[in-house]
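Report on the following structure.
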There are 2 protein chains.
Amino acid sequence: MQRIGVIGGGAWGTALAMVLRRAGRDVALWAHEADVVEAINRTHRNPRFLPGVELDATIVATDSLSWTLDAELLLLAVPAQYLRAVCKRLAPLWPKGIPAVICAKGIESGSGALMTEVAAAELPGTPLSILSGPTFAIEVARGLPTAIALASADGGLANRIAAAIGSTRFRPYASDDPVGVAIGGAVKNVLAIACGVVEGRKLGDNARAALITRGLAELSRLAVAKGGRAETCMGLSGLGDLVLTASSAQSRNYSLGFALGEGKTVAEVLAGRQGVTEGVATAPAVLELAARAGVDMPVSASVAGLLRGDVTVDQTIEALLARPFKNEQGARG
Amino acid sequence: MQRIGVIGGGAWGTALAMVLRRAGRDVALWAHEADVVEAINRTHRNPRFLPGVELDATIVATDSLSWTLDAELLLLAVPAQYLRAVCKRLAPLWPKGIPAVICAKGIESGSGALMTEVAAAELPGTPLSILSGPTFAIEVARGLPTAIALASADGGLANRIAAAIGSTRFRPYASDDPVGVAIGGAVKNVLAIACGVVEGRKLGDNARAALITRGLAELSRLAVAKGGRAETCMGLSGLGDLVLTASSAQSRNYSLGFALGEGKTVAEVLAGRQGVTEGVATAPAVLELAARAGVDMPVSASVAGLLRGDVTVDQTIEALLARPFKNEQGARG
């Protein structure tokens with residue numbers, strides 16, 4: 001796995017290209033936006049999606065899919081709601097048997113499909129794995145220490161990919177539970193919005209910690225209902241990522257919630273943004289999935305209601321925090 | 001349970017007195033320091049331990065233990081390392097059969113005993129429960145929303161106490177796993193120091209999230225080895241409290257770690273403090289307990305080594321973050 005292609009020149013795809021260079025791999029980075037391709041090749045920067053970071057000068061950006069796909073491993077770093085369309089486009093060009101690493105976090109709107117399910121449907125026969133964990137792209141790009149889960153139903157494949165892309169500063173931990181890892185990375189974006197709302201309303205750190213605890217319990221219930229493991233959700237992609245996302249203004253999801261808690265509207269906040277706030281599309285998709293799986297997810301339901309405009313911030317907070325006293329396991333169960 | 005006594009006029013005991021007043025109970029607050037007693041009674045403030053908060057004027061502070069112990073429920077809100085001495089002093093005066101709620105978080109230095117074990121040894125025959133969760137005292141005192149675990153081997157007792165002390169803004173969740181709750185509240189202080197070190201050294205949020213994930217795994221292992229449940233540690237006293245403590249400068253343990261990460265010494269930091277930084281005494285006690293239980297706790301061991309001065313900050317960080325790639329469950333196991 002010496003030559004590795006990255007599909008997607010957003011913040012995460014660009015940071016992953018840096019990861020691959022640090023691991024000593026050859027990298028081709030495909031970007032959708034012509035200005036991103038040009039900026040990376042000419043200035044070794046990606047000012048649109050990852051401002052302030054100087055990139056390795058040997059990272060080559062391209063608009064050629066066929067050139068990027070001439071690789072021994074491919075990373076799919078596109079927004080969750082575009083993954084299906086991108087896979088459809090890649091499928092006829094895909095080098096047979098070359099493994100794909102899904103680097104998107106979300107649940108598909110409309111279908112309620114996990115990212116692993118989307119890729120499996122559109123790239124049949126391709127060995128799949130999914131990469132997810134507590135990873136602000138800017139910190140990864142700068143080489144700060146990061147640990148991440150890398151899951152595949154084929155545990156041996158996950159181990160080989162971990163060895164190919166890892167370095168002392170970027171440590172993939174192999175897992176054989178792609179369902180748990182996919183759900184951890186998706187649902188945490190929705191929960192982070194809830195945490196932001198509570199913080200934006202100045203309800204304090206105690207309330208946010210209680211909400212994180214309760215949110216992680218509903219995330220785990222969904223993972224188990226879909227065939228994943230609860231213990232995976234207590235690992236890097238679930239607990240770890242939720243802790244990261246739900247306590248930092250660096251998170252687009254948390255900061256959206258924070259602005260809503262302060263009284264801004266969803267439209268106002270999203271109007272000023274580059275990049276995707278993944279939780280906005282994923283919140284209703286989580287609910288579709290939860291309804292089909294028969295899982296109660298009150299925190300996610302509150303967030304979806306708030307984003308739709310069905311309920312006010314104060315009603316949302318009431319639903320998030322007001323609960324009868326009951327057994328702690330019962331409250332989580 | 002109308003009349004409730006609180007033993008300890010620190011930040012937490014004072015905040016709990018406010019909780020009890022909001023629940024409509026009569027409160028007597030015993031404080032060790034004469035200036036605290038006088039300030040609470042004369043100015044309805046506790047400037048030494050809880051500055052900036054106006055207290056309910058009907059909270060009565062006293063230096064009389066026998067007067068405070070004339071109650072239907074007693075809360076023990078003293079620092080962990082003083083719990084045994086306080087219980088020894090209370091034992092001859094204790095009203096027979098009146099339940100005690102342990103509000104201390106820590107493990108006893110020297111003996112490696114849990115707070116529940118200390119109280120059981122010194123107050124034999126007293127019905128015991130333990131209160132622990134993500135609760136900055138200042139937020140609780142101000143009436144911000146808080147959820148907390150309240151555990152007793154007698155689940156019915158926990159439910160009755162929860163009903164007596166709870167209100168819409170302070171929600172105790174009953175549990176029948178006092179061991180899990182005690183260990184969650186104790187070990188998180190040690191892990192918070194580690195998180196502070198990483199942050200003080202500017203290693204970023206990704207690294208801290210990975211460390212929290214790994215730390216919670218070792219906390220759970222210890223709880224299970226001592227007869228508690230892993231799922232308790234994924235609740236309010238464990239996950240919830242760790243999330244709170246490990247990401248806020250409000251935490252004395254986190255801010256100690258942060259200062260160490262910036263290059264200060266333990267002595268320098270502690271010299272300027274009122275109140276107890278519980279993790280300092282608990283770190284070596286956790287290790288004693290872990291050794292006896294046969295549990296590997298690398299994060300806690302690193303913190304204990306740093307506090308002893310056996311290793312430098314950089315050696316500690318190396319031990320905290322440098323690990324071979326391996327299976328995620330294995331890394332947690």
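Below, chain A is the first sequence line, B the second, and so on; all start at residue 1. As the structure is a computational prediction, the values presented were derived from the model and not from experiment.
Checked by atom type and distance alone, the side chain of B:T232 never pairs as donor or acceptor with a backbone atom of B:G180 at under 3.5 Å.
The structure places CG of A:L157 at 9.0 Å from CG of A:L128, a figure rounded to the nearest 0.5 Å.
In terms of heavy-atom pairs under 4.5 Å with chain A, the best-connected choice from B:G155, B:A147, B:P145 is B:P145. Highest contact tally toward chain A, considering only B:A151, B:A209, B:A210, is held by B:A209 [criterion: heavy-atom pairs under 4.5 Å]. The choice from A:L144, A:L211, A:D177, A:V140 that makes the most heavy-atom pairs within less than 4.5 Å of chain B is A:L144.
Legend: residues meeting side-chain contact (heavy atoms from CB on, under 4.5 Å) with A:A23, ordered by chain and number and at least two apart, are A:R25. Residues satisfying the side-chain contact (heavy atoms from CB on, under 4.5 Å) criterion with A:S248, sequence neighbours excluded, are A:F136, A:Q250, B:D205.
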For a side chain to side chain donor-acceptor pair (under 3.5 Å) check, start with the C-alpha distance between A:S300 and A:E218, then their side-chain angles and the critical distance, and finish with the verdict. CA-CA 9 Å; A:S300 300; A:E218 76 178 45; 2.7 Å; yes
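The stretch residues 193-204 of chain B places B:K202, B:L203, B:G204 near chain A, each with some heavy atom under 4.5 Å from a heavy atom of that chain.
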Ignoring hydrogens and angles, write down the donor-acceptor pairs under 3.5 Å from the side chains of residues 238-246 of chain A, residues two or more places apart or on other chains.
residue	atom	partner	partner atom	Å
A:D241	OD1	A:T245	OG1	3.2
A:D241	OD2	A:K105	NZ	2.8
A:T245	OG1	A:K188	NZ	3.1
A:T245	OG1	A:D241	O	2.6

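Donor-acceptor pairing under 3.5 Å is lacking for the side chains of B:S129 and B:S152.
The contact between A:R169 and chain B is made entirely by side chain atoms (from C-beta outward), counting heavy-atom distances below 4.5 Å.
Residues B:G227 and B:V179 approach most closely at C-CG1, 4.4 Å, considering heavy atoms.
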